[in-house]
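This report concerns only the one structure given below.
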Amino acid sequence: MHIQEFPDTILLLIFRCLSETDLCHIAQVCRRWRLIAYDSSLWKSVNLKRFHKLNEMCLIKVIRSRMVPMLYKLNLGGFTLSPRVFHVLVENCPKLRVLCLESTTFVEDFTRKETSFPDNLSKLDIRHSSGHPCAFRVMSHRLQTVKCLGVSDPLFESLELEVEKRRVFVSLQAVRILEFSYCSSLTDQMVRYIAEYCRNLQSLCLRRCNNIQGESLPKLIDNCSSLTSLVLDGTNVSDNAVTSVRWEKSVISEVDLSWCRHLTEHGLKFMLPRCRFLRYLRLCCCGYGHAITDDVLNAMTQNPCSFLEVLDLSYSSEVTNSALGRFITNCPSLRYLRVYHCQMLTSALMSLIPSDSQVFVVANFFSLQRGGLVTSATSEGPWTVWSAPMSYSRTMSLDQSLQED
């Protein structure tokens, strides 16, 4: 049977497996295939990020001719967008719930009309975006239904009064995942608003928000009882902040304290043993590489690390082979260990790891002639040097949530 004899329903099922680019190519085969390839059911989830140089007229034409009315998820990352694009989305795409606008530039003056921006979104990503302040002011009034949100500095910079910033957090009572990567305008007072109004929060990322000192951490942990993922990477959180928190009351399983230069051994010895459900722990260059010590690892092993699967100690200059070997022995669930540029560690660490351990070790021990990555045992020899690291990530993050749709 020739493919041209296939019924439309079968071709539609086949075309579902194709990317946007492939659909555009097969649409040029014949009129019949074009009609099927442009069926709106094939354009429910669309990623146009690679076509970010597409002009506005062509973009609007693509939306109207292919995505209406079934569009559910749209990625316009990197585009330059005017209010006209959002007007088309509001008027023609009532099922749109996921909108990715990372690194987008907003141009022209947005208005406060109902058609200026979608108001029924469940996921919105505007990280690293920029442009006209009015666009961000309009977006700040459309967040009531958002459950997963990625924010950039311009949103808060567009709001001059503190009461306006507070209003944003009051509207985020439905939010579950909140990311503020590289937001220098975010303050501890705003984290206090999060603690007051975002009671259902499960994941909070404050990566490189350098004005965060951790003053509101106690209230955050006490109020947000469902919080399982906390990223403080590159913030100015101090020992005083982490030692004021009742970590034993939390259910946090993912913690990132990398590049927190004001943390010391004292703060980590207090905090980490009290986090009973840790699965993912990243401590890369914490305290300028001096906060992670053998005493910290020993303190953690006093309470069984039953759930820990991922551990990153890169750029930690105080950890020794013996202490880390004992730690691995006491963490049977550990699957991934990253120890890049740890000055005290050598390849002798590998002989201290139990033979039945399933841990994948990523390292560049200085004793290796060409550097490289040491991994678990293989049939070819006791240890193998690899050239590329194994990937790992948090399970509760905005990026992970956006990939699920």
Side-chain angles (χ1 to χ4, degrees), residues 122-124 127 140 143-151 155-156 159 161-181 183-257 260 262-263 267-268 270-282 303 307 394-398 400-401:
S122 62
K123 298 180 183 181
L124 174 63
R127 290 173 296 177
S140 73
L143 303 176
Q144 288 82 359
T145 60
V146 174
K147 295 182 179 180
C148 301
L149 177 64
V151 183
L155 178 70
F156 297 111
L159 307 174
L161 303 176
E162 188 66 25
V163 66
E164 294 178 312
K165 297 174 183 177
R166 182 174 179 270
R167 171 187 54 76
V168 171
F169 293 102
V170 172
S171 70
L172 289 176
Q173 297 186 32
V175 76
R176 300 292 188 274
I177 297 176
L178 199 49
E179 299 215 357
F180 296 92
S181 298
C183 282
S184 59
S185 58
L186 193 74
T187 64
D188 284 296
Q189 179 58 52
M190 294 182 193
V191 176
R192 184 174 292 273
Y193 293 151
I194 294 173
E196 290 178 1
Y197 303 111
C198 306
R199 297 297 184 95
N200 296 313
L201 192 66
Q202 297 176 358
S203 174
L204 177 62
C205 177
L206 305 177
R207 177 171 290 115
R208 305 307 169 104
C209 297
N210 50 33
N211 280 324
I212 298 299
Q213 298 181 357
E215 297 171 2
S216 302
L217 276 179
K219 188 167 186 178
L220 178 73
I221 299 304
D222 286 343
N223 288 6
C224 301
S225 58
S226 299
L227 188 67
T228 59
S229 183
L230 180 62
V231 176
L232 299 172
D233 175 9
T235 62
N236 285 317
V237 170
S238 65
D239 286 348
N240 288 337
V242 299
T243 55
S244 301
V245 178
R246 296 188 297 176
W247 299 104
E248 65 278 3
K249 301 292 184 181
S250 75
V251 293
I252 289 180
S253 60
E254 299 177 348
V255 172
D256 189 343
L257 299 174
C260 290
H262 297 299
L263 284 179
L268 296 183
F270 178 89
M271 174 185 175
L272 297 181
R274 288 171 169 79
C275 296
R276 300 169 295 156
F277 303 103
L278 279 181
R279 183 202 66 84
Y280 172 102
L281 180 58
R282 191 164 180 260
N303 293 324
F307 305 101
R394 293 181 295 130
T395 57
M396 184 64 69
S397 68
L398 179 61
Q400 188 69 29
S401 177

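Sequence positions, counted from 1, serve as the residue numbers for this chain.
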Inset, instruction - Please confirm whether the backbone N or O of Leu143 pairs with a side-chain atom of Ser171, one donor and one acceptor, at under 3.5 Å? - result: no
Legend entry - Euclidean distance, Asn211 CG relative to Gln189 CD, rounded to 0.5 Å: 13.5 Å
Legend entry - Heavy-atom donor-acceptor pair, Thr228 side chain to Ser253 backbone, under 3.5 Å: no
Inset, instruction - Side-chain contact test, heavy atoms from C-beta onward, threshold under 4.5 Å: evaluate it for Leu204 versus Phe180 and give yes or no. - result: yes
Inset, instruction - Could you tell me whether a side-chain N or O of Glu254 sits under 3.5 Å from a main-chain N or O of Thr395, the two making a donor and an acceptor? - result: yes
Legend entry - Non-hydrogen atoms of Ile221 and Arg246 that approach each other most closely: CG2-O, 4.1 Å
Inset, instruction - Taking the side chain as every heavy atom from C-beta outward, state whether Gln173 and Asn200 have any atom pair closer than 4.5 Å. - result: no
Legend entry - Donor-acceptor pair between Glu179 and Ser397 side chains, under 3.5 angstrom: no
Inset, instruction - Mind running side chain to side chain contact (heavy atoms under 4.5 Å, CB included) on Phe156 and Thr187 for me, showing each step along the way? - result: CA-CA 11 Å; Phe156 297 111; Thr187 64; over 6 Å; no
Legend entry - Candidate pair Arg166 and Tyr197, rule side chain to side chain contact (heavy atoms under 4.5 Å, CB included), full reasoning: CA-CA 10 Å; Arg166 182 174 179 270; Tyr197 303 111; 2.4 Å; yes
Legend entry - N/O donor-acceptor pair under 3.5 Å between Asp256 side chain and Asp233 backbone: no
Inset, instruction - Heavy atoms only: give me the nearest Ala195-Cys224 pair and the separation to one decimal. - result: CA-SG, 4.2 Å
Inset, instruction - Measure across Leu206 and Thr235 and return the closest heavy-atom pair with its distance rounded to 0.1 Å. - result: O-CG2, 3.3 Å
Legend entry - Distance-only side-chain donor-acceptor flag, Ser229 / Arg394, under 3.5 Å: yes
Inset, instruction - Kindly compute the distance separating NE2 (His262) from CG (Asn240), expressed to the nearest 0.5 Å. - result: 12.0 Å
Inset, instruction - Count the heavy atoms belonging to other residues, nucleotides or ligands that lie under 6.0 Å from NZ of Lys219, then report whether that count exceeds 12. - result: yes
Inset, instruction - Taking all heavy atoms of Val151 and all of Cys183, pick out the closest pair and write down the distance. - result: O-SG, 3.5 Å
Inset, instruction - Look at the rings of Phe169 and Tyr193 and say which category their plane angle falls in: under 30° parallel, 30 to 60° tilted, over 60° perpendicular. - result: tilted
Inset, instruction - Determine the minimum heavy-atom distance between Val245 and Phe270, stating which atoms define it. - result: O-CE2, 3.6 Å
Inset, instruction - Applying side chain to side chain contact (heavy atoms under 4.5 Å, CB included), run through Arg199 and Asn223 and close with a yes or a no. - result: CA-CA 6 Å; Arg199 297 297 184 95; Asn223 288 6; 3.6 Å; yes
Inset, instruction - Assess the side chains of Ser140 and Arg167: does a donor N or O sit below 3.5 Å from an acceptor N or O? - result: yes
